Enquirer: 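Let me begin by handing over the structure; questions about it come next.
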Amino acid sequence: MCGRYALYTPIEAVARLFGVSELHAHDLDPRYNIAPTQEVPIVRRSPYPVAESGAEPARELALARWGLVPFWAKDPSIGNRMINARGETAAGKPAFRNAFRKRRCLVPADGFFEWQKTADGKQPWYIRDASGEPMALAGLWELWDPPEGGEPLASCAIITTAANELMRPLHDRMPVILDQAGREAWLDPAAKPERLEALLAPAPDGILEAWPVSRRVNSPFNEDPSLVEPA
DNA sequence: CCAGACGTTGTT
DNA sequence: GTCTGG
DNA sequence: CCAGACGTTGTT
DNA sequence: GTCTGG
């Protein structure tokens, strides 16, 4: 699955690489240990209508809480358990299907962590694109209105799929990683269900690299560049 | 009908 | 053992 | 995902 | 809001 990741490429560069026209998040610190419940940048089509023009809705970078809170939730804590959505079933699940139809997003990540079970306990690994460029993880996002009023809460989940060859020794699940064409299709509101389904597959072998890292990443309170260095 | 879940992973 | 919070 | 709490009453 | 289980 995917329960921890890193994003340290400057957000302006991420925006450029992801074709973002509106940047709604600035001055973000580089992150080496992003944990569920934290605010993370996502790339999405603007949920708001474009003024007059009839132009394409903007592709924007916004912030969302990691852990999807369905609109019908009475309490946002349900999001603590909705950090991933299975690609095989998300389209039909009550908690995800509205988002699957209407609110797909990309979650930029320089890499993600997986924990491998060994005789000595769990060994964390860092996995990234071999090019070193930020990856686009397939995501869903949602808006939740607090019953007591106030600002709606934006939240998101990362889609998972079966592990590919590289990942299999480490873990049996991995996040869905979208290539350039996949990113376009995933964000296309008119995408056909069968096209979307085809996107939610393990990454091809050969595009990723992985190495063991320090167990200091285990604590979400640790946050420094050495967490993604080989150890 | 109403009540209660709505999710994933991992472990047994 | 299981839930909550980060 | 992992870490850390897991409880109540009463007092500050 | 909508589905599942009783």
Side-chain angles (χ1 to χ4, degrees), chain A residues 1-7 28-41 63-103 107 109-128 135 137-147 152-164 167-177 200 202 210-224 226-228 231:
Chain A
M1 82 182 287
C2 182
R4 214 71 77 75
Y5 71 97
L7 180 63
L28 299 180
D29 288 331
R31 295 295 311 277
Y32 302 91
N33 195 4
I34 297 173
T37 72
Q38 297 176 345
E39 290 263 301
V40 299
L63 293 177
R65 180 190 196 265
W66 185 13
L68 189 142
V69 181
F71 72 97
W72 41 257
K74 293 182 189 69
D75 184 301
S77 65
I78 190 174
N80 298 356
R81 303 188 295 291
M82 307 279 188
I83 67 172
N84 293 136
R86 290 177 66 87
E88 299 91 329
T89 56
K93 295 286 186 184
F96 297 129
R97 67 174 170 207
N98 289 349
F100 194 96
R101 278 195 295 263
K102 305 269 185 188
R103 286 176 298 280
V107 181
D110 281 292
F112 58 92
F113 298 96
E114 297 286 359
W115 279 259
Q116 177 188 40
K117 271 176 291 178
T118 74
D120 301 327
K122 288 189 167 186
Q123 172 62 50
W125 289 68
Y126 183 63
I127 301 98
R128 67 164 198 179
M135 300 179 286
L137 308 184
L140 303 174
W141 71 276
E142 187 59 275
L143 275 180
W144 178 76
D145 287 306
L153 174 74
S155 60
C156 65
I158 293 171
I159 308 219
T160 61
T161 186
N164 67 11
M167 294 293 306
R168 203 157 301 140
L170 310 181
H171 204 72
D172 63 347
R173 304 288 295 173
M174 69 184 295
V176 170
I177 301 165
L200 303 183
W211 55 76
V213 294
S214 164
R215 293 188 190 207
R216 289 188 306 103
V217 76
N218 288 7
S219 172
F221 293 103
N222 289 327
E223 178 65 79
D224 68 83
S226 71
L227 297 178
V228 303

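The model shown is predicted, which means the values in this text are computed figures rather than measured ones. Here is the naming used below: chain letters follow the sequence lines, and residue numbers restart at 1 for every chain.
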Enquirer: Using the P atoms only, state how far dG7(D) lies from dG5(C), rounded to an integer number of Å.
Expert: 12 Å

Enquirer: Between dT8(B), dA3(D), dG6(C), spot the one nearest the side chain of Phe96(A), thanks.
Expert: dT8(B)

Enquirer: To the nearest Å, give me how far apart OH (Tyr5(A)) and C1' (dC1(D)) are.
Expert: 13 Å

Enquirer: Describe the nucleic acid contact of Pro36(A) in one word from base, sugar-phosphate, nothing, applying a heavy-atom distance below 4.0 Å.
Expert: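 Contact class for Pro36(A): base.
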
Enquirer: Starting at CZ of Phe221(A) and ending at P of dA3(D), how long is that distance when rounded to a whole Å?
Expert: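 One finds 11 Å between P of dA3(D) and CZ of Phe221(A), rounded.
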
Enquirer: Quick one: Arg97(A) CZ to dT4(E) P, roughly how many Å, whole number?
Expert: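 Between P of dT4(E) and CZ of Arg97(A): 9 Å.
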
Enquirer: Could you tell me how far apart Asp75(A) (CG) and dG4(B) (C1') are, to the nearest whole angstrom?
Expert: 15 Å

Enquirer: Are OP1 or OP2 of dA3(D) and a side-chain N or O of Asn218(A) less than 4.0 angstrom apart?
Expert: yes

Enquirer: Can you check the distance between dT9(B) and dG1(E), where both ends of the measurement are the C1' atom (answer in whole Å)?
Expert: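 Straight-line distance between the two C1' atoms is 27 Å.
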
Enquirer: Calculate the interatomic distance between Leu68(A) atom CG and dT8(B) atom C1'; express it in whole Å.
Expert: 13 Å

Enquirer: Ignoring hydrogens and angles, tell me if any N or O in the side chain of Asn84(A) forms a donor-acceptor pair with the backbone of Cys2(A) under 3.5 Å.
Expert: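 Answer holds: yes.
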
Enquirer: Tell me the interatomic distance from Arg86(A), atom CZ, to dG7(B), atom C1', rounded to whole angstroms.
Expert: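 The distance from CZ of Arg86(A) to C1' of dG7(B) comes to 10 Å, rounded to the nearest Å.
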
Enquirer: Assign Asn80(A) to base, sugar-phosphate, or nothing according to its heavy-atom contacts below 4.0 angstrom with the strands shown.
Expert: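 Result for Asn80(A) = base.
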
Enquirer: Going by purine N1 to pyrimidine N3 plus the second Watson-Crick contact, or the G-U wobble pair, all under 3.5 Å, which nucleotide sits opposite dC6(D)?
Expert: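 dG1(C) is the nucleotide pairing with dC6(D).
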
Enquirer: Between dT4(C) and dT8(D), how far apart are the two P atoms, rounded to whole Å?
Expert: 14 Å

Enquirer: Parallel, tilted or perpendicular: which describes the rings of Tyr126(A) and Trp211(A), with under 30° parallel and over 60° perpendicular?
Expert: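 Judged by the thresholds at 30° and 60°, the geometry between Tyr126(A) and Trp211(A) is tilted.
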
Enquirer: CG of Asn222(A) versus P of dC1(D): gap in Å, rounded?
Expert: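 Whole-Å distance recorded here is 19 Å.
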
Enquirer: For the base of dC6(B) and the side-chain ring of Trp72(A), does the geometry meet a stacking cutoff of under 5.5 Å between centres and under 30° between planes?
Expert: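 Trp72(A) ring centre within cut-off of dC6(B) base, planes near parallel; stacks.
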
Enquirer: What distance, rounded to whole Å, do you find between the two C1' atoms, one in dC2(B) and one in dG6(C)?
Expert: 37 Å

Enquirer: Within the structure, does a side-chain N or O atom of Thr160(A) lie under 4.0 Å from either OP1 or OP2 of dT9(B)?
Expert: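 Looking at the OP1 and OP2 atoms of dT9(B), one of them is under 4.0 Å from a side-chain N or O of Thr160(A).
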
Enquirer: Looking across every strand, which nucleic acid part, if any, lies under 4.0 Å from Phe71(A) by heavy atom: base, sugar-phosphate, or nothing?
Expert: sugar-phosphate

Enquirer: Hey, does Ile34(A) have a side-chain heavy atom less than 4.5 Å from the side chain of Glu223(A)?
Expert: no

Enquirer: Which part of the nucleic acid, if any, lies within contact of Asp172(A), taking any heavy atom under 4.0 Å across all strands shown: a base, the sugar-phosphate backbone alone, or nothing?
Expert: sugar-phosphate

Enquirer: Ignoring backbone atoms, establish whether Thr89(A) has a side-chain N or O less than 4.0 Å from OP1 or OP2 of dT8(B).
Expert: yes

Enquirer: Expressed in angstrom and rounded to an integer, what is the separation of Arg4(A) atom CZ from dG6(C) atom P?
Expert: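 The answer, rounded to whole Å, is 13 Å.
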
Enquirer: Give me the atom names and distance for the closest heavy-atom approach of Arg128(A) to Met135(A).
Expert: CA-CE, 4.1 Å

Enquirer: Do you see a donor-acceptor pair shorter than 3.5 Å between the side chains of Asp120(A) and Thr118(A)?
Expert: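 Short answer, no.
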
Enquirer: Determine whether the side chains of Asn98(A) and Arg103(A) contain a donor N or O and an acceptor N or O closer than 3.5 Å.
Expert: no

Enquirer: For the side chain of Ser77(A), starting at C-beta, report the closest nucleotide among dG5(C), dC2(D), dG7(B).
Expert: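 Given the options dG5(C), dC2(D), dG7(B), the side chain of Ser77(A) is closest to dG5(C).
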
